[in-house]
Number of protein chains: 4
Amino acid sequence: MNEPTGGSRRRRRPKQQRSRATVDAIVEAARRSLGRYGALRTTAEQIARIAGVSIGTFYQYFPDKISVYSDLLDHLSGRLHRQLESVSAPATTAEGALSAIVSAYLGALRDNVAAAQQLLGQRHLLEPPERLQARHKQLHTWLVGLFDQHLPNDAPQNDLPAFVLLKAVHGVAHGATLEKPETLADGSLEHELLALVRGYLAERKKQ
Amino acid sequence: MNEPTGGSRRRRRPKQQRSRATVDAIVEAARRSLGRYGALRTTAEQIARIAGVSIGTFYQYFPDKISVYSDLLDHLSGRLHRQLESVSAPATTAEGALSAIVSAYLGALRDNVAAAQQLLGQRHLLEPPERLQARHKQLHTWLVGLFDQHLPNDAPQNDLPAFVLLKAVHGVAHGATLEKPETLADGSLEHELLALVRGYLAERKKQ
Amino acid sequence: MNEPTGGSRRRRRPKQQRSRATVDAIVEAARRSLGRYGALRTTAEQIARIAGVSIGTFYQYFPDKISVYSDLLDHLSGRLHRQLESVSAPATTAEGALSAIVSAYLGALRDNVAAAQQLLGQRHLLEPPERLQARHKQLHTWLVGLFDQHLPNDAPQNDLPAFVLLKAVHGVAHGATLEKPETLADGSLEHELLALVRGYLAERKKQ
Amino acid sequence: MNEPTGGSRRRRRPKQQRSRATVDAIVEAARRSLGRYGALRTTAEQIARIAGVSIGTFYQYFPDKISVYSDLLDHLSGRLHRQLESVSAPATTAEGALSAIVSAYLGALRDNVAAAQQLLGQRHLLEPPERLQARHKQLHTWLVGLFDQHLPNDAPQNDLPAFVLLKAVHGVAHGATLEKPETLADGSLEHELLALVRGYLAERKKQ
DNA sequence: TATGAATGAGTATTCATTCAT
DNA sequence: GATGAATGAATACTCATTCAT
């Protein structure tokens, strides 16, 4: 769950159970602080305090504040990715595949949007998060393939459609988490998103 | 264009022509700096330097750094809103109305998304931007009305659909501005967005 | 009333009625601001605003902020001095002379203690206010003379007694202005002060 | 000696021996700087430098510059109060009691008047120093009691006389510390002050 | 190892003063 | 002359990071 990443420069490699727990606590504290107070108000002290450790311990495990963000970003995207992976496998129809992926996406999102948005806002500071990039690309490629396979285009130009679909789902999911979280829980959002996806697919087939 | 807003707490009311221009320059500089360097890297000095004024002048017109962000947010949303207003008027078909609004939205967005995203990331610091909220609500209401009028529902429950459509367009537009800005210029994005909107509308009509 | 002083470095010499009024207004504004807000909160802008002039005008008449304080100090001490002068002349008994001077002193003090204290607090910044020094010395000398004349000492050492009397009256008067201003008005303070002075004098005569 | 006070808003509660010493050093440095350079010339940096700590350490223990003044004021008045308390106990004659208290007062004052005056000048900024007020009131009450007991008045109105005596001693002591510090050391000031007090007492007895 | 005291570069902010209009 | 916009050195204050205990 917290394997050392390329993006983060962890100072020491935790081997004992104790240390692993500390690292997790710090990353989790960063997530909460970012979500609650925003990036400008999130200080290293703040994170350490929420995590229940001293500032000294904080720097025993992370070389600097940014690297906690890197870890967090990786942590969040990893969670999402694992959910999506379980879908990628066998998909008879495009609708079925998209339906499954929308469902998985919403499931993975739940309580992490606030922190995720803050992280996105810090992208000026975060080193190019390779692994995250890779995952996005993977998902995108998968979507393009799906479109290529199911849309009757001669010269398929499905790069942009896949992008649009991704961002649309993204945007709706983020917005809902912030402004209509109840629709995430009662399934109504998922219902609408499927309509959005189905409609777009149908529209693309016409062309 | 820069009339004093509810959200901003201007320190001095500019009386001469000169100072009006100064205030505009500072807000514009804040927009650029936020877009280029991000919120954490944007200092008051930085903004003042880009605006070509001294730090003293900066604080002559703004009580603190945050208040420039308030002004900027209001400025940007005002610009967008004006574009959208010109559409709201006569709309024969739902498709026509939506097409016009998508087009207007993309037009207004062009070079402000970067700054806008940074601002959204600071929402913890910005006072509840009433005017912005009001504008969002207005647009949402307009969309609900459009759906109520054109969809054959007996008991119309179009609050969520309107929300979904708004956020989907929002998400796609933001994503594209950041990652595929060329599609904003060559019209291909608009084409896809219209397909998305049309498809969703068709799908909703079936229910 | 506002003749140019040694201590203050006035920038231009006011000749018209208009300018004289402006200078007075600024000095008076300084007095009020010092009394109300204290030295740390009294800015040049503040003084100018209270005086009802622009900051530009302020610096048209005074080379810097300190020089207003100099003028004010001189103004206040001048008022006190003029009161005392009218007494210095013929004094049959020591009691009579002291009684008159106490009375004059209290009369001059009334509403200026607050500002005066602030000024005293700025003595690190004010250049040695020669004229003020001179006045103090004059008063002190006069007191010493009074003691020499009326006390039956062979080798009169009345420097310290004069000092003590001066400071005692000073301290009581200041304290009363701040904490018991009503006793200044109803004469009860003067009554007590006279007792203090008389008692000290009697005590000194014994030695 | 430096227990947390009502007036001060300490930022961090010192836990180790080290930090306790640091706080003391900062308060002591503030005392020196106020006395030497005055309030306007005393900066946070200045205080930190004199204390031999970094500016960061300063703000680790005090939320802002003013709060050091609060602590200092409390510190000084506490010192004075402790001196006076040791006297209050057994007093055969009024003269004896007053003599003892004058002596104690002068002893406590020695090197703190300069700083104390600066602090008094800042009373606009300092929160109402309750504890200081309480101490003044206590001393005043004690004096009134002393007068009530020793003066042959039928309807004793000793509030003002006590006030006068307090302020007179105060004024003389302050003035001497600033202008004739040698008289504090050689005992001549104490001698004169006792004459002042004795004389006033005698004068009051006549009425 | 954990702690928290200490550091100081970096930012925010003020305010005396100048100068174009 | 009067005005107030502009200036920038000086000061207040923050927070990532180090290090003694």
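This is a predicted model, so every value here is computed, not measured. Letters A, B, ... are given to chains in the order of the sequence lines, protein chains preceding strands, and every chain is numbered from 1.
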Colleague: In whole Å, I'd like the distance from the CZ atom of R20(B) to the P atom of dG4(F).
Modeller: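 Atom CZ in R20(B) sits about 16 Å away from atom P in dG4(F).
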Colleague: Within the 4.5 Å heavy-atom criterion, are I26(D) and D71(D) side-chain neighbours or not?
Modeller: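 Not in contact.
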Colleague: Over how many whole Å does the gap from I66(B) atom CD1 to dT11(E) atom P extend?
Modeller: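 Taking atom P of dT11(E) as the reference, CD1 of I66(B) is at 15 Å.
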Colleague: Among the nucleotides dA6(E), dA12(E), dA2(F), which one has an atom lying closest to any side-chain atom of Y61(C)?
Modeller: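 For the Y61(C) side chain, the nearest candidate turns out to be dA2(F).
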Colleague: Check side-chain contact (heavy atoms from CB on, under 4.5 Å) between T43(A) and all other residues, then give those that pass, not counting sequence neighbours.
Modeller: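 Expected list: E45(A), Q46(A).
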Colleague: So, for S67(B) and F62(B), which heavy atoms are closest and what is the spacing to 0.1 Å?
Modeller: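 Minimum heavy-atom contact is OG-CB, 3.5 Å.
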Colleague: Can you tell me the distance, in whole Å, between the CZ atom of F58(C) and the P atom of dC19(E)?
Modeller: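 Rounding to the nearest Å, CZ of F58(C) and P of dC19(E) are 17 Å apart.
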Colleague: Polar pairs (N or O, both sides) under 3.5 Å between protein and nucleotides 8-11 of chain F?
Modeller:
residue, atom, partner, partner atom, Å
dG8(F), N7, G56(B), N, 3.3

Colleague: Grab the OH-C1' distance between Y37(C) and dC15(E) for me, whole Å please.
Modeller: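 It works out to 17 Å between those atoms.
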Colleague: Distance from D64(A) atom CG to F58(A) atom CZ, nearest 0.5 Å?
Modeller: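 One gets 8.0 Å once the value is rounded to the nearest 0.5 Å.
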Colleague: Specify the separation, in whole Å, of atom OH of Y59(D) and atom P of dA9(E).
Modeller: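 Between P of dA9(E) and OH of Y59(D): 17 Å.
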Colleague: Measuring to OP1 and OP2 of dT1(E), would you say a side-chain N or O of S19(A) lies under 4.0 angstrom away?
Modeller: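 No, outside the criterion.
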Colleague: In whole Å, what is the span from the CZ atom of F62(B) to the P atom of dA5(F)?
Modeller: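 For the pair F62(B) CZ and dA5(F) P, the rounded distance is 14 Å.
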Colleague: Without decimals, in angstroms, what is the distance between R49(C) CZ and dT14(E) P?
Modeller: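 It works out to 13 Å between those atoms.
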Colleague: Between atom CD1 in I26(D) and atom C1' in dT7(E), what is the gap in whole Å?
Modeller: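 Rounding to the nearest Å, CD1 of I26(D) and C1' of dT7(E) are 13 Å apart.
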Colleague: So do the side chains of V68(B) and Y61(B) get within less than 4.5 Å of each other, counting heavy atoms only?
Modeller: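 No - every pair of side-chain heavy atoms lies 4.5 Å or more apart.
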Colleague: Cut-off 3.5 Å, side chains only: do T57(C) and S54(C) have a donor facing an acceptor?
Modeller: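 Yes, S54(C) and T57(C) have a side-chain donor paired with an acceptor closer than 3.5 Å.
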Colleague: Testing the basics here: between L34(A) and T42(A), what is the closest heavy-atom pair and its distance to 0.1 Å?
Modeller: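 Looks like N-OG1, 3.6 Å.
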Colleague: Could I get the full list of side chain to side chain donor-acceptor pair (under 3.5 Å) partners for E28(A), not counting sequence neighbours?
Modeller: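 In terms of side chain to side chain donor-acceptor pair (under 3.5 Å), with neighbours along the sequence ignored, E28(A) is linked to R31(A), R32(A).
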Colleague: Go ahead and write out DNA chain E as dot-bracket, 5' to 3': ( ) for pairs within the strand, [ ] for ones crossing earlier pairs, | when the partner sits on another strand, dots for unpaired; Watson-Crick or G-U wobble, both distances under 3.5 Å.
Modeller: .||||||||||||||||||||
Colleague: Closer to the 5' end of DNA chain F via nearest nucleotide, is it V53(C) or G52(B)?
Modeller: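 The residue whose closest nucleotide sits nearer the 5' end is V53(C).
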Colleague: For A29(D), check side-chain contact (heavy atoms from CB on, under 4.5 Å) against everything at least two apart and list the hits.
Modeller: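 For A29(D), the residues satisfying side-chain contact (heavy atoms from CB on, under 4.5 Å) (neighbours in sequence not counted) are I47(D), I50(D), A51(D).
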